[in-house]
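Throughout, numbering of the chain's residues begins at 1 and tracks the sequence. All values below come from the heavy atoms of this structure, side chains included, with hydrogens, waters and symmetry mates left out.
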Amino acid sequence: MRGTTFDAAINADLVQGNRIGVPSTPAFLINDVPFLGAQPTEEFVRAIDAAVGSS
């Protein structure tokens, strides 16, 4: 944890996450839309069904 070997990779991941609107974990992207926080299965099903219906 005190080493710096992976700092560049970690910082690149943080930048990418922030750029696409994912500020924390857990986070999921459903059709490139951030779905943040722990959610019940039903919420995932609803979001995925909506995404499928909009494509």
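- Placement of Val52 and Phe28 within a single hydrophobic cluster is found when ILVMFWY residues are connected by side-chain heavy-atom separations under 4.5 Å, directly or transitively.
- The two residues Pro26 and Ala38 make their nearest non-hydrogen contact at CG-N, 3.6 Å.
- By the criterion of side-chain heavy atoms lying less than 4.5 angstrom apart, applied directly or through intervening Ile, Leu, Val, Met, Phe, Trp or Tyr residues, Val45 is not grouped with Ile30; the two fall into different hydrophobic clusters.
- There is no path of hydrophobic side-chain contacts, each under 4.5 Å, that joins Val15 to Ile20.
- Heavy-atom minimum distance, Leu36 versus Ala27: CD2-CB, 3.6 Å.
- Contacts classified as salt bridge (Lys or Arg N to Asp or Glu O under 4.0 Å) and involving residues 20-44 (residues at least two apart or in different chains) are given here: Glu43-Arg46.
- Side-chain contact between Ile10 and Asp13 is absent, with no heavy atoms from C-beta onward closer than 4.5 Å.
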